[in-house]
*Asks:* 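Just dropping this structure here.
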Amino acid sequence: MTSNESTPTCSNESKPNDSANTMISAIRRFASLLLIIAASNASAADYPAPTQGDYTIRDFRFASGETLPELRLHYRTLGKLEKDAQGKTTNAVLIMHGTTGSGAQFIRPEFAGELFGKDQPLDATQFFIVLPDAIGHGKSSKPSDGMHAKFARYGYLDMVEAQYRLLTEGLGVNHARLVMGTSMGGMHTWLWGESHPDFMDALMPLAGLRTQMSGRDRAWRRMIIDAIRNGPGWHEGDYTSQPPSLRTAAQMLWFMSSNPVLRQKEAPTLTGTDEALNKFVDDYMKTGDANDVLYAVEASYDYDPGPNLEKIRVPLVAINSSDDLINPPELGILEREIKRVPKGHAVIIPLSAETRGHGSHTVARSWKDELTRLLKESARPQGQ
């Protein structure tokens with residue numbers, strides 16, 4: 001309500017007609033407000049429901065030399081695949097999730113509600129969006145399915161290769177309009193650009209540095225690895241109930257995933273902090289698995305896109321946030337390494353009420369304008 005509007009009153013001195021007219025005006029304004037809110041909510045959720053499926057790769061060979069007779073990759077898709085007269089896929093978008101996550105994390109108002117709706121940057125009536133669960137995550141093959149610590153040791157290169165085969169062999173995608181990802185998925189995006197440089201029109205890694213695991217990023221992973229491997233109840237991965245170290249892993253994930261300002265606002269007292277942390281950990285313990293977490297954080301052992309950045313040929317926009325504890329901007333790595341990418345551009349999102357530390361990668365409102373610009377820049381004339 002603006003300052004020159006008066007609040008409706010029921011003064012005894014008002015004439016009946018004046019009072020009625022004032023009330024009707026207020027009701028109309030309230031109804032208009034409800035329509036605006038309803039329209040906003042409708043547009044935020046106005047995208048097709050995802051279709052889920054599984055693709056099985058037979059005798060998948062890992063970089064370690066190990067082989068899995070059947071590697072199952074679960075996925076979600078939105079939209080319909082389209083090809084041009086030459087049979088080239090024109091509208092496929094691959095979006096990859098972070099460590100211990102799944103493709104389901106993108107079906108949320110702050111991501112899908114900002115990107116997949118009608119006339120939004122990745123309008124699902126125009127694009128064919130693929131949201132895979134990476135190896136070891138979600139409903140894809142993972143240690144907790146039964147193999148436990150006998151599951152093949154996988155790395156980021158294996159995960160990218162499996163995603164490539166899902167798209168090409170499983171879904172018939174021979175070219176991508178865009179490849180993007182968050183956190184671990186952002187790191188996979190860099191590897192996609194190097195290993196399959198002609199496969200896509202554009203790349204958008206979010207919250208992932210372009211260098212080998214080191215510093216604090218390696219340290220927090222190592223803390224989780226050591227806590228699980230050296231903790232009680234581990235039994236070399238053949239436990240019958242979750243070891244206590246899973247709680248430590250969950251606590252570390254809570255600690256690293258947001259920024260100090262937001263955590264202080266959410267938990268401004270000692271008791272409040274304990275309650276928030278306990279709730280997160282208790283919820284995580286209901287579905288988490290120590291082997292799955294161990295394998296997921298260890299998978300980054302082979303990540304090192306640095307030597308091959310010049311191989312990336314298409315337009316690339318790398319998004320990081322200034323409040324990211326895992327990829328702090330003061331390291332200067334993004335700004336230095338992006339110069340080696342021929343068509344690369346880096347963006348650091350400043351701290352704001354919308355940022356969530358490392359988790360800012362899923363708050364699409366804070367970076368979707370950059371996505372729109374990237375899609376426009378990378379658009380190809382028909383027939384090319």
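For the numbers below, each heavy atom of this structure counts, side chains included, while hydrogens, waters and symmetry mates do not.
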*Asks:* Distance only, no hydrogens: is a donor on one side chain within 3.5 Å (strictly under) of an acceptor on the other, for D84 and T90?
*Replies:*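 Judged by distance alone, the side chains do not pair up.
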*Asks:* If hydrophobic clusters are built by linking Ile, Leu, Val, Met, Phe, Trp and Tyr wherever their side-chain heavy atoms come under 4.5 Å apart, do L166 and L178 end up in the same one?
*Replies:*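 No.
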*Asks:* Please confirm whether the backbone N or O of A290 pairs with a side-chain atom of Y295, one donor and one acceptor, at under 3.5 Å?
*Replies:*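 Not a single qualifying donor-acceptor pair exists.
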*Asks:* Going by the side chain to side chain contact (heavy atoms under 4.5 Å, CB included) test, name the single residue among L316, V160, D304 that passes it with W190.
*Replies:*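 It is L316; the other options fail the test.
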*Asks:* Do we see a donor-acceptor contact under 3.5 Å between the side chains of N291 and Y239?
*Replies:*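 Checked: N291/Y239 side chains pair up, N/O donor to acceptor below 3.5 Å.
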*Asks:* Using only heavy-atom distances, determine whether the side chains of Q242 and D289 contain a donor-acceptor pair under 3.5 Å.
*Replies:*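 Yes, D289 and Q242 have a side-chain donor paired with an acceptor closer than 3.5 Å.
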*Asks:* Side-chain heavy atoms nearer than 4.5 Å, only ILVMFWY residues, links allowed to pass through others: does that put L371 and F111 together?
*Replies:*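 L371 clusters together with F111.
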*Asks:* Do V281 and W254 touch side chain to side chain, with heavy atoms closer than 4.5 Å?
*Replies:*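 No. Closest side-chain heavy atoms not under 4.5 Å.
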*Asks:* Between R356 and L262 (side chain of the first, backbone of the second, donor and acceptor by atom type, cut-off under 3.5 Å), is there such a pair?
*Replies:*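 Such a contact is absent between R356 side chain and L262 backbone.
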*Asks:* Tell me the closest heavy-atom pair linking A249 and V293, and the distance in Å.
*Replies:*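 Looks like CB-CG1, 4.1 Å.
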*Asks:* Would you say the side chains of H358 and S183 form a donor-acceptor pair under 3.5 Å?
*Replies:*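 Indeed, the side chains of H358 and S183 share at least one donor-acceptor pair under 3.5 Å.
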*Asks:* Under 4.5 Å between any side-chain heavy atoms of E335 and I348, yes or no?
*Replies:*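 Answer yes - side chains close enough.
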*Asks:* Using the side chain to side chain contact (heavy atoms under 4.5 Å, CB included) rule, take L71 and T56 through it: C-alpha gap first, then chi angles, then the decisive distance, then the call.
*Replies:* CA-CA 5 Å; L71 175 65; T56 299; over 6 Å; no
*Asks:* Are the side chain of S140 and the backbone N or O of H74 linked by a donor-acceptor pair below 3.5 Å?
*Replies:*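 Yes; at least one donor-acceptor contact below 3.5 Å.
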*Asks:* Taking all heavy atoms of P48 and all of L78, pick out the closest pair and write down the distance.
*Replies:*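 Heavy atoms of P48 and L78 come nearest at O-CD2, 3.1 Å.
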*Asks:* For residues Y303 and T211, report the shortest heavy-atom separation together with the two atoms involved.
*Replies:*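 Taking every non-hydrogen atom into account, CE2-O, 3.3 Å.
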*Asks:* Find out whether D123 and F116 are in side-chain contact, i.e. whether some heavy atom of one side chain is under 4.5 Å from a heavy atom of the other.
*Replies:*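 A side-chain contact is absent here, since even the closest heavy-atom pair is not under 4.5 Å.
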*Asks:* Nearest 0.5 Å, what's the CE-NZ distance between M147 and K150?
*Replies:*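 Here the rounded value is 8.5 Å.
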*Asks:* Can a salt bridge be assigned to the pair R221 and D217 using a cut-off of 4.0 Å between side-chain N and carboxylate O?
*Replies:*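 Yes, charged N to carboxylate O under 4.0 Å.
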*Asks:* Could you check whether any side-chain N or O of T273 sits under 3.5 Å from a backbone N or O of A267, counting only pairs where one atom can act as donor and the other as acceptor?
*Replies:*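 A pair under 3.5 Å: yes.
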*Asks:* Determine whether V314 and Y164 fall in the same hydrophobic cluster, where Ile, Leu, Val, Met, Phe, Trp and Tyr are linked whenever their side-chain heavy atoms lie under 4.5 Å apart.
*Replies:*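 Linked, V314 and Y164 end up in one cluster.
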*Asks:* Working to the nearest 0.5 Å, report the span between OG of S258 and CD of Q264.
*Replies:*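 Here the rounded value is 11.5 Å.
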*Asks:* Should the pair R61-D158 be classified as a salt bridge under the 4.0 Å nitrogen-to-oxygen rule?
*Replies:*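 No salt bridge links R61 with D158.
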*Asks:* Return yes if some donor-acceptor pair links the side-chain N/O of T67 with the main-chain N/O of D59 below 3.5 Å, else return no.
*Replies:*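 Not a single qualifying donor-acceptor pair exists.
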*Asks:* Please determine whether the number of non-hydrogen atoms from other residues, nucleotides or ligands lying under 6.0 Å from atom CZ of R365 exceeds 12.
*Replies:*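 Atom CZ in R365 is not crowded, with 12 or fewer foreign heavy atoms closer than 6.0 Å.
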*Asks:* What I want to find out is whether R76 reaches D133 closely enough, with some N-O distance under 4.0 Å, to be called a salt bridge.
*Replies:*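 Salt bridge flag = yes for D133 with R76.
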*Asks:* So if I apply the side chain to side chain contact (heavy atoms under 4.5 Å, CB included) rule between M96 and each of M187, H188, M159, which one comes out positive?
*Replies:*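 Between M96 and the candidates, side chain to side chain contact (heavy atoms under 4.5 Å, CB included) is satisfied uniquely by H188.
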*Asks:* Can you tell me how far the OG1 atom of T355 sits from the CD1 atom of I349, to the nearest 0.5 Å?
*Replies:*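 One finds 8.0 Å between OG1 of T355 and CD1 of I349.
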*Asks:* Look at the rings of W192 and F199 and say which category their plane angle falls in: under 30° parallel, 30 to 60° tilted, over 60° perpendicular.
*Replies:*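 Taking F199 first and then W192, their aromatic rings sit tilted (interplane angle of 30° to 60°).
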*Asks:* Using distance alone, with no hydrogens and no angle criterion, decide if S257 and R263 have a side-chain donor and acceptor under 3.5 Å apart.
*Replies:*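 Side-chain D/A pair, S257 to R263: present.
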*Asks:* Is it the case that over 12 heavy atoms from other parts of the model lie below 6.0 angstrom from the NZ atom of K83?
*Replies:*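 Result for NZ/K83: enclosed.
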*Asks:* Short question: side chain of Q120, backbone of G113 - any donor-acceptor pair under 3.5 Å?
*Replies:*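 Yes; judged by distance alone, with no hydrogens or angles, the pair exists.
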*Asks:* Would you check if L253 and W220 make a side-chain contact, meaning some heavy-atom pair closer than 4.5 Å?
*Replies:*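 They are in side-chain contact.
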*Asks:* Could you tell me if the ring centre of F106 sits under 6.0 Å from that of H97?
*Replies:*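 Between H97 and F106, which both carry aromatic rings, the centre distance is not below 6.0 Å.
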*Asks:* So, are K311 and E194 salt-bridged, with charged N and O less than 4.0 Å apart?
*Replies:*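 Salt bridge: no.
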*Asks:* Do H361 and I319 make a side-chain contact, defined as non-hydrogen atoms from C-beta onward lying under 4.5 Å apart?
*Replies:*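 When only atoms from C-beta onward are counted, I319 and H361 do not touch, as no gap falls below 4.5 Å.
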*Asks:* Report the distance from atom CD of Q163 to atom CG of L191, rounding to the nearest 0.5 Å.
*Replies:*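 Going from CD on Q163 over to CG on L191, the span is 9.5 Å.
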*Asks:* Looking only at heavy atoms, what is the nearest atom pair of Y154 and D292, with distance?
*Replies:*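 It is OH-O, 4.5 Å.
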*Asks:* Verify the distance criterion only: is there a donor paired with an acceptor across the side chains of S64 and E66 at less than 3.5 Å?
*Replies:*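 Yes - a donor-acceptor pair under 3.5 Å links their side chains.
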*Asks:* May I ask you to say whether R247 pairs ionically with D282, meaning some side-chain N is under 4.0 Å from a carboxylate O?
*Replies:*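 Salt bridge: yes.
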*Asks:* Closer than 3.5 angstrom, by distance alone: can the side chain of T89 be matched with the main-chain N or O of A92 as a donor-acceptor pair?
*Replies:*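 No, T89 side chain to A92 backbone: no donor-acceptor pair under 3.5 Å.
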*Asks:* Do the side-chain N and O atoms of S378 and D201 include a donor-acceptor pair separated by under 3.5 angstrom?
*Replies:*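 S378 vs D201: no donor-acceptor pair found between side chains.
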*Asks:* Decide if atom CZ of R222 counts as having more than 12 heavy atoms of other residues, nucleotides or ligands within a radius under 6.0 Å.
*Replies:*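 Open: at most 12 neighbouring heavy atoms sit under 6.0 Å from CZ of R222.
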*Asks:* Between F60 and F62, does the ring centroid distance fall short of 6.0 Å?
*Replies:*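 They qualify: ring centres under 6.0 Å apart.
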*Asks:* Could you tell me whether D198 and R313 have a side-chain N and a carboxylate O separated by less than 4.0 Å?
*Replies:*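 R313 and D198: salt-bridged.
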*Asks:* Looking only at side-chain N and O atoms, does R229 offer a donor or acceptor that is under 3.5 Å from a partner on S245?
*Replies:*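 Looking only at side-chain atoms, R229 and S245 do not form any donor-acceptor pair under 3.5 Å.
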*Asks:* Do the side chain of D54 and the main chain of R72 share a donor and acceptor less than 3.5 angstrom apart?
*Replies:*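 Not confirmed, D54 side chain does not pair with R72 backbone.
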*Asks:* Indicate yes or no for a side-chain donor-acceptor contact from D324 to the backbone of P328 under 3.5 Å, with no hydrogens or angles considered.
*Replies:*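 It does not hold such a pair.
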*Asks:* What are the two closest non-hydrogen atoms of P121 and L375, and how far apart are they?
*Replies:*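 Smallest heavy-atom distance, with atoms named: O-CD1, 3.5 Å.
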*Asks:* Any chance you could lay out the side chain to side chain contact (heavy atoms under 4.5 Å, CB included) test for F151 and I135, step after step, and finish with the verdict?
*Replies:* CA-CA 11 Å; F151 194 84; I135 298 173; 4.2 Å; yes
*Asks:* Checking T168 against N174 for the side chain to side chain contact (heavy atoms under 4.5 Å, CB included) test, could you report, in this order, the C-alpha distance in whole Å, the side-chain angles of both residues, the deciding distance, and whether it holds?
*Replies:* CA-CA 6 Å; T168 57; N174 55 35; 5.8 Å; no
*Asks:* If you look at every heavy atom in I338 and A318, which pair is closest and at what distance?
*Replies:*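 Here I338 and A318 meet closest at CD1-CB, 4.5 Å.
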*Asks:* Under the salt bridge (Lys or Arg N to Asp or Glu O under 4.0 Å) rule, what do R153 and E298 come out as? Steps first, then yes or no, please.
*Replies:* CA-CA 9 Å; R153 186 191 190 198; E298 280 192 328; 5.1 Å; no
*Asks:* Can you tell me how far the CE atom of M180 sits from the CE atom of M200, to the nearest 0.5 Å?
*Replies:*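 Output value for this atom pair is 13.5 Å.
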*Asks:* Does some side-chain heavy atom of P232 sit less than 4.5 Å from a side-chain heavy atom of P244?
*Replies:*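 Contact flag for P244/P232 side chains = yes.
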*Asks:* Would I312 and L203 count as a side chain to side chain contact (heavy atoms under 4.5 Å, CB included) if you check the C-alpha gap in whole Å, the side-chain angles of each, and the deciding distance to 0.1 Å?
*Replies:* CA-CA 9 Å; I312 299 175; L203 294 158; 3.6 Å; yes
*Asks:* Looking at E236, I'd like to know if its CD atom is crowded, meaning that more than 12 non-hydrogen atoms belonging to other residues, nucleotides or ligands lie closer than 6.0 Å.
*Replies:*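 12 or below, so no.
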*Asks:* Verify, without hydrogens or angle tests, whether N320 (side chain) and A207 (backbone) share a donor-acceptor contact under 3.5 angstrom.
*Replies:*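 Such a contact is found between N320 side chain and A207 backbone.
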*Asks:* Is the shortest side-chain heavy-atom distance between V347 and V317 below 4.5 Å?
*Replies:*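 They are in contact (side-chain heavy atoms under 4.5 Å apart), so the answer is yes.
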*Asks:* Do E310 and V341 make a side-chain contact, defined as non-hydrogen atoms from C-beta onward lying under 4.5 Å apart?
*Replies:*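 They are not in side-chain contact.
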